[in-house]
Amino acid sequence: MTEVDQAAPARPRVKAAGPGGWLGRLGEVRHLGLVAALVLLAIVGLVTRPENFATASNLVSILALASTIGVITVGMTFVIIGGGIDLSVGALMALASVWATTLATQSYGPVVIIVCAVLVGTGAGLLNGILIAYGRMVPFIATLAMMVAGRGLAQRMSDQRTQLVQQDNSMIVSLSTTRVLGLPLLVYVFALVVLLGWLLLNRTTFGRRTYAVGGNPEAARLAGIDVRRHTLMLYALSGLCCGIAAVLIMARTTTGSSTHGDLYELDAIAAVIIGGTLLSGGRGTIIGAILGLLIFTVITNLFILNGLNTADQLIAKGAIIVAAVLLQRRTLKTPT
Amino acid sequence: MTEVDQAAPARPRVKAAGPGGWLGRLGEVRHLGLVAALVLLAIVGLVTRPENFATASNLVSILALASTIGVITVGMTFVIIGGGIDLSVGALMALASVWATTLATQSYGPVVIIVCAVLVGTGAGLLNGILIAYGRMVPFIATLAMMVAGRGLAQRMSDQRTQLVQQDNSMIVSLSTTRVLGLPLLVYVFALVVLLGWLLLNRTTFGRRTYAVGGNPEAARLAGIDVRRHTLMLYALSGLCCGIAAVLIMARTTTGSSTHGDLYELDAIAAVIIGGTLLSGGRGTIIGAILGLLIFTVITNLFILNGLNTADQLIAKGAIIVAAVLLQRRTLKTPT
Amino acid sequence: TSNEPAATQQASAPAAAPVAKEGNDAPGEKVVIGFSAPAADHGWIAAISKNAADAAKQYTDVEFRPVEPTNDINQQISAVESLIQAKVNVLVILPNDGQQLNQVSRQAMDAGIPVVNVDRVFPDKLSYRAWIGGDNYGMGVAAGHQIGKTLKDKGVSNPVILEIQGIATLPLTQDRSRGFADALKTYGFTVTAQQDAKFTVESGTQVATNLLQAHKKIDAIWNHDDDQGIGVLAAIKEAGRDEFFMVGGAGSANAMRDIQADSGVLKATVTYPPTMAASAIKIARLIAQGKGMSDLLEQQVPQSITLASETITKDNAAQYLPLGFES
Amino acid sequence: MRHIVKQFPGVRALDGVDLEVRAGEVHCLLGQNGAGKSTLIKILSGAHEPDEGEVLLGGAPVRLAPPTAAMGHGIATIYQELDLVDGLSVTENIFLGHEPATFGFSRRAEADRATAALLKRLGHGEIRPRAEVGSLSPAHKQIVSMARALSHSARLIIMDEPSAALDHDEVGNLFRVIRDLTSQGVAVIYISHRLEEIREIGDRVTVLKDGRTVAVGLAAKDTPTSRIVALMTGRDVEYAFPPRPARGAHEGRPEVLRVENLTLPGRFADVSFTIRAGEIVGLAGLVGSGRSEIIEAIYGARRPGGRVVLDGRTVRPGSTTRAVRMGMGLAPEERKTQALLLDHSVAHNITLASLSRYTRPRWLGRLDRRAESAEAERLSRALDIRPPDPRRPIRTLSGGNQQKAVLGRWLAEDRKLLLLDEPTRGVDVGARTELYALVRRLADDGIGVLLVSSEVPEVLGLADRVLVIREGRIVHEAPAGDLDEHRVLDLVMVSTAENPSLEGARHD
Ligand SMILES: Nc1ncnc2c1ncn2[C@@H]1O[C@H](COP(=O)(O)OP(=O)(O)OP(=O)(O)O)[C@@H](O)[C@H]1O
Ligand SMILES: Nc1ncnc2c1ncn2[C@@H]1O[C@H](COP(=O)(O)OP(=O)(O)OP(=O)(O)O)[C@@H](O)[C@H]1O
Ligand SMILES: [Mg+2]
Ligand SMILES: [Mg+2]
C-alpha cells in the first residue's frame, strides 16, 4: 500500500529542523490541510444554508452523529498504526448492542447493560487479537471472519429483530437526550475517549511502542518488546471501543440490532487514512483521524441540508474526497 | 498490514531450496493448503448432500457463480501484488453495466454494448490510476472516492432503476444460457481471463515488474522501471476486468443496475488475501486467489444446499475462514 | 422486538385464516416447497422468512426448503438454480429485484416447476404461476391521503412534508414515492424533501437527525418503514421536536402500540403485510396439489393477488395489533 | 561461547563456533561475507536461538533469547541492518523497550535530556532528540543506533559493521567512544571489513570462515594483514587496487557524461564536471556533503537545475526510466530500501533492470525465462555470490553478497555510465579486491564510472580523477595520484573562509 512517489526518493525528506520541533510541526501542517478542508466545507455550508448550518443545534447534531463512529475510529487508529486492520468493528458494535439488550441482560439494569456491551466488545477484540498474534492469521482475514461471524451471532441472538431498550433502562437513552452545557452526554463520552486515546498514544510507552510494532516489528522485537502481546492488546482496545460505541448507539437509536454499524469498518478506516495514517502502519495521529471523520460527517450533513438526492450525494462525496486529499497535499507542500 | 510473527523474524520461512526451485515450490505448497481446504469442503458437501453436491449441474452452478467475481479477482490480484488496493471494483462493474444498457447504447447492438462496458471499466480504472500514480493519492482513498462516485453516477444514469437487456441484444444473455460441452460460455470467459492473467503475471516482464513495484517501489524506480506508468496500468487492468465482469453480470441477470457488485471489493480482496497474496504487495499468485474465491463460493453453495438460515450461515462462514487459514498454515509447516 | 416470541406466533397464525379452510388444510400429496428471499437483515424481511417457515410448519405434507437469503443478485440466481436442480415441486421467490431474477424464474417454469412470486414482481408473466404482493403504489397513496387530509383539516397551507424512504434503488420505493406524491397532489401539496434510510434503525436516526436540522418547522413526515422508524423516532426525541406528526409504513406491532398509546409524533401507519409470505406458501402448496382456493369458485389458484394497504390509526390499532410484525 | 551451531533452512550458518571475549577489550570478529558473523552476534543478542552449543557469561551458562534476556545480562547490540523505527523520534528509538516511565506514562523530558547527553558523547549534539528518525541520513541513523546501544549501560556491546555508513571523521569519533567504554571495563565485539580499523582499535581477533572458527585470539595490532586475509579467504589474496591507466590516457576519448551547473537548492550548487569513456571519477566528501544527491540528480531521480549530457544527448531530468534507457546504471547507497526486492530470488534481483533483454518476442513482453536464469547464473558465478544458488531469496544472503547482486544488476546489460554510491559498503576484503578489478575492467571496456565512497583510500586507489565536495560544491579537482588521504581530509573539512587559498582550486 505504498504511495507511489517518483520524483523524490521514498524517504520523506521533509525540510528539517528549526526550533519548533520537527514532529510537532509536521503534525500541525498535516492537520492544517484537513482543517482547511473542514473550513472550506463550513463555508459551503454557510453560503448554501446560512440559516441552518451554523446553528448551535446543527453543530451539536454533527458531533452527536460523529460520536459513535468516532469512538470506533480511535480504536481503529491504534490498530492501523500498529500495522494491522480491523474489519470487524461494525459487527462487534452490533453484537455488543444486541447482547446488551437481550431480555436477560436488560433485567439487570443499565449498569449491567453497559458493562455487558463493553465486555462483549473487548472479548471479541481479544479473540481477534489471539487469532492474529498467536494464530498468526493475516489481520484482514481474521477480522473479516470475525465480522461475518459477529453479524451472524448478533442475528441469531436477536432473532433478526430490533431489540428496544426498555423503559426501566432509559438511563442509557438519557446519554443521548440529557444535555450538559448544551451538549448531549454522548458527545462528552466521545470527547473523553478521544482524549484518553490521545494520551495513550502520545504520552505512554504503550502508545509509542505501537508505532514501533507497526513501523518495524522486527526492530520492536529486538528492542525487547513483546510484539505478540502488544498486538493482542491493540485488537482488544479496538474491541473495547466497539463496546463503548455500542452503548452510544443504543442511546441514540434506543435499540440493539444486528444491523447497527453497517459498513462502519470502511468509514472508520477511511477516516483514519484520510487523517494521514499509513495503511502499512507505523505512522499516524488520532487528531488527524478525528478530523477526517468530521469531514465525512459534515459532508453528509451538508448534503441533507441542501436536499441532494442519493445519487448526487454519492457523486459529490467522491469528488470532495479527491479534492480534500489534493488540497491537503498542496497545503503540505507550502507550509505556513 | 504486517503479519505478526514473533518467534521468527517477519519473513515467512518456508522450507527452502533444493533443486526444485524455491519460489516454485513455495507456490505449490501454499496452494496445497487451499486445495486441502477445498477438498475438505467437498467432503462436507458429499456427506451432507450426497444427491446434490457432486452433480455436474451443481458444479457448473458453482463455476458460473464464481465467474463474475472471479474476473474481478484477477485484476485485484495484480493491483494488490503491485502494492495497491482497489475498492472501486464493484462500483465500476455496476457503472459499466448501467452505461452499457442505456437505451442509447443498446440501440447499437450487442457488440457496442460489450465494447462500451469494457471501455467504461478501463476508463474509470485509468482515472483511478491517474489519481494514484500522478495525483499521488493513497490507493485506499482514491479508489474509495471512485467507488462512491461510481455508484452515484450509475444511479444517476439509470435513474435508480434496473435496465433490462433488450430482446435484440439477447446475444449478451446467451453468454449465460448457451452451453458448450456442458459449460455456459461465461465460464469459458472466466477461464480465459484467468489464463491470460496468469500468463501476464508469470511469463512477461509486465508481471515481473508488478512484483518489483509492489515489493519495493523505490528499488523498482532506481532500477529504471517507470513506477508511475506501471501503477497506472495496473489500475487500468483492474478496470478492464470490471468491464468484462460487467458483461458477465449482464448476461447472468439480463440487466444493468447500479446495485450490481455490492461489496464485491471485499469479497475479491478477501479471496486474494486468503490465496496468499500479501496486502502490502510484492507477493502473491493468481491461482491462490482463484482457489480462495472458489472456497468462498463452495461455502455459499454448501449453505444453500443445506438450507442453513442466514445467522447460522454467517457464523459458520466465519468459523470456516478461520479453520481454512489455520489448516493452510498447518500444511505449510509440514509440506509433503 | 424479539423479546416476545408469543407475539410472533400470533402474527402468522391469524393470517393463515383467510386463505386456508378446513378442506384445503387436510393433508394431501407430499410437496417440496423451495423458498428464496433477500437476506433477513431487517424487520420486515425477517418477518417474511419467519412467516413462510411458520406457515410451512403447519402442514405435515409440506417439506420446506429455504435457501441462503442474500442481497447479491448473482447469488440469489445461483440459489434458485440449485433449487431447480434439487427438483422441488414448487418455488416461492421473493426476488431482490424482479427484473434481474426473471430469467432464472423463467427457467424454473420451463422446467415445469411452478413459481409463486412474492411482492417484487417479475416483468414476464411466463416467469411465474401466481403473484401475491403488497400494493406499493397504494401504500404511498394511503400515506398521502392520511397526511393530506389531516393537514387540510388543520387548514395548513404550504406545509413542509418530508419523506424518508427505504432503499432508494428498489422499484418498490419508487412506486411508494410516486403514490405518495400523487395523493398529495390531490390536496395541492408537494413533498418538501426526500432522503433514503436503507431500512435500518441506525440509518433512520442519522438521516432524521440531519433532516430535522435542515427543516426548522415541519408539518408532517412519512417514513416508509416502521423498522427504520424506531431510529427516526429516537432522533426526533433527541432533538426534542414535536410540532409535526408522522405516518409510518409496513405496520410493525411496535408502531401500532405507539399509535395506540398516542404518546409521540407517530399518529398512523400504512400496512404492507409480511403475512403475504405465509399466504404464498399456502398458495404454493395448493398449486402443487392442483387445488383451488376454497372461497373462490375457480378450480385453480388465481394468477395474481394484490393485498390492500390499510391505514392504521389510534382508532383501529387494537384491531390490527395481532397482525403487526415484531420489528 | 562454545561450539555454537545455527542451522537455517538449507544452510548451516554456524558450524561450531567458539568465541571468548574479555572484559575491557575490543574483540574483533573477521570473516568473509556470509561467514556467519552477524548470525553469531544475533545469537549473542538473543535474536536467534542456537541449535547447539552454549553461552557462558562470567563462567555460568546463560540463555540469551529473547532479546530482553540478553539485555538483562548486560548485552547491547548495534545491528548490521539499521533496526530503527522511522515513525518515531530519536529519543523514542533510543529508549524503545526501556523507556523511563511512571505508571506507563513516559517521562519525555528526562528521556530527551538523556538522549541529548548520549548524542553529545558521540559527537553529534546537532541531532535533535525530537527529530523523526525517518528524516535522518543513513549516517545519522547509524549514530542513533549507537546511542541506543550505549543507553543500556551494558557490560558487552556488540557492533556489527558500525563504520560502514560512516566517514573517516565519524569513525574517529566512534573509536574515541569505544576507548572510553573499554576503559570502564566494558567489552566490545567489533565487526568490520576495514582492516585498518581493526589495527587501530582492536585488541584481539577471532576469524570465522564458512561458519567455523579458524583462528582465535590473534593480536590485532601485529598479525600481518596477509595472514588475516589468508585465514578469512583460505587463499592468498593481494589486497590491492588494480593498476590505473597512465595519466592522460583518457584525454582523447569521447565524453560519456557532461554535467553543467547542476543545482538543487539547499542540497548542492553549480556542480560541473565531465567523465570520459574508460575513466573512473571519484567523489570525495563528508557524510551529508551532497554526494548521493548529486548522483541521484544525474540519474534522474531528482529534478535539479542545470544540464546533464550523456554521450552527447541531453538527459531530461525526472525520470530514472529514461536514464536507464540511455545507458546509465546506479548502485544506490542503501541497498535494503533502495535496491533490493528482499522477498525475491537473487536471480530476479539481478535481472530486474535488464528484463527487456530476455523478451521474445519483444512486443509481447514474454519472458524467456531460460535465458534469464542462464544470465543470472553466469553473473552470480562471475561475482562469486555465495551461496552459489541464484534461486535463493536474496534476504537470506549476507550483506556483502547482497551488494554483489546489486552490482550484478548493471552488468547484465551494456552501460555507458555507472554511478556507484558506496559500492563496497559491507563487502569483505577478498570480494572488494574482486569488485575493484571488476570496476576497472568495466572502465577499460569503455564505460564511465562515477564513484562515491566514504573511504578515502578507496576513492584514491580506484579512481583516475577525484572531485572533492564540500557542502554541496566542488572545491577541488585533481588526478587521484596527486592527492593523498591527508590532503583530501583537509580539503573536505576546512571551510573556505579559513582557507581562502582553496578558492583557486575550485573547478569551473
Ligand atoms: N534468515 C536467514 N535464513 C537463511 N539463511 C540465512 C539467514 N540469515 C543468514 N543466513 C545465511 O547464513 C550465513 C551467514 O550469514 P551472516 O549474515 O551471519 O554473514 P556475515 O558474516 O555477517 O556476512 P557479512 O559480512 O556479509 O555481513 C550466510 O550464508 C547467509 O546466507
Ligand atoms: N532523509 C533525509 N532527510 C533530510 N535530509 C537529508 C536526508 N538524507 C540526507 N539529508 C541531507 O541532505 C544532504 C545531502 O545528503 P547526501 O545523502 O546526499 O550526502 P552524502 O554526501 O551522500 O552523504 P552520505 O555518506 O550520508 O550518503 C545533507 O545535508 C543531509 O543531511
Ligand atoms: Mg553481517
Ligand atoms: Mg551518500
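Predicted, not measured: the structure shown is a model, and the values here were computed from it. Each chain gets a letter, A, B and so on, in the order the sequences are listed, and its residues count up from 1.
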Atom pair CZ/CD of B/R151 and A/Q313 - distance to nearest 0.5 Å: 15.5 Å

Counting only non-hydrogen atoms closer than 4.5 Å, does B/M147 touch chain A with its backbone (N, CA, C, O), its side chain (CB onward), both, or neither? side chain

Shortest non-hydrogen contact from B/A149 toward A/G318: CB-CA, 4.0 Å

Part of A/L153 within contact of chain B (heavy atom distance under 4.5 Å): both

Interface moiety of B/A270 toward chain A, non-hydrogen atoms closer than 4.5 Å: both

Return the minimal non-hydrogen interatomic distance between A/A311 and B/R156, and the atom names on each side. CB-N, 3.9 Å

Nearest non-hydrogen partners of A/A145 and B/V322, listed with the distance: CB-CG2, 3.7 Å

Going by heavy atoms in the side chains, are B/E265 and A/L266 under 4.5 Å from each other? no

Can you measure from CD1 (B/I273) to CG (A/L144) and round to the nearest 0.5 angstrom? 10.0 Å

In Å, rounded to the nearest 0.5 Å, how long is the span from CD1 of B/I274 to CE of A/M137? 7.0 Å

Do B/L278 and A/V138 come within less than 4.5 Å of each other through their side chains, counting heavy atoms only? no

Looking only at A/L87, A/D312, A/L131, A/L222, the option with the highest number of non-hydrogen pairs under 4.5 Å against chain B is A/D312

From B/R136 CZ over to A/L326 CG, what is the distance, rounded to the nearest 0.5 angstrom? 11.5 Å

Among A/I141, A/I320, A/L263, residue most engaged with chain B (heavy-atom pairs, under 4.5 Å): A/I141

Checking A/I269 against chain B: side chain, backbone, both or neither under 4.5 Å from a heavy atom? both

In terms of heavy-atom contacts, A/L314 and B/V148 come closest through O-CG1, 3.2 Å

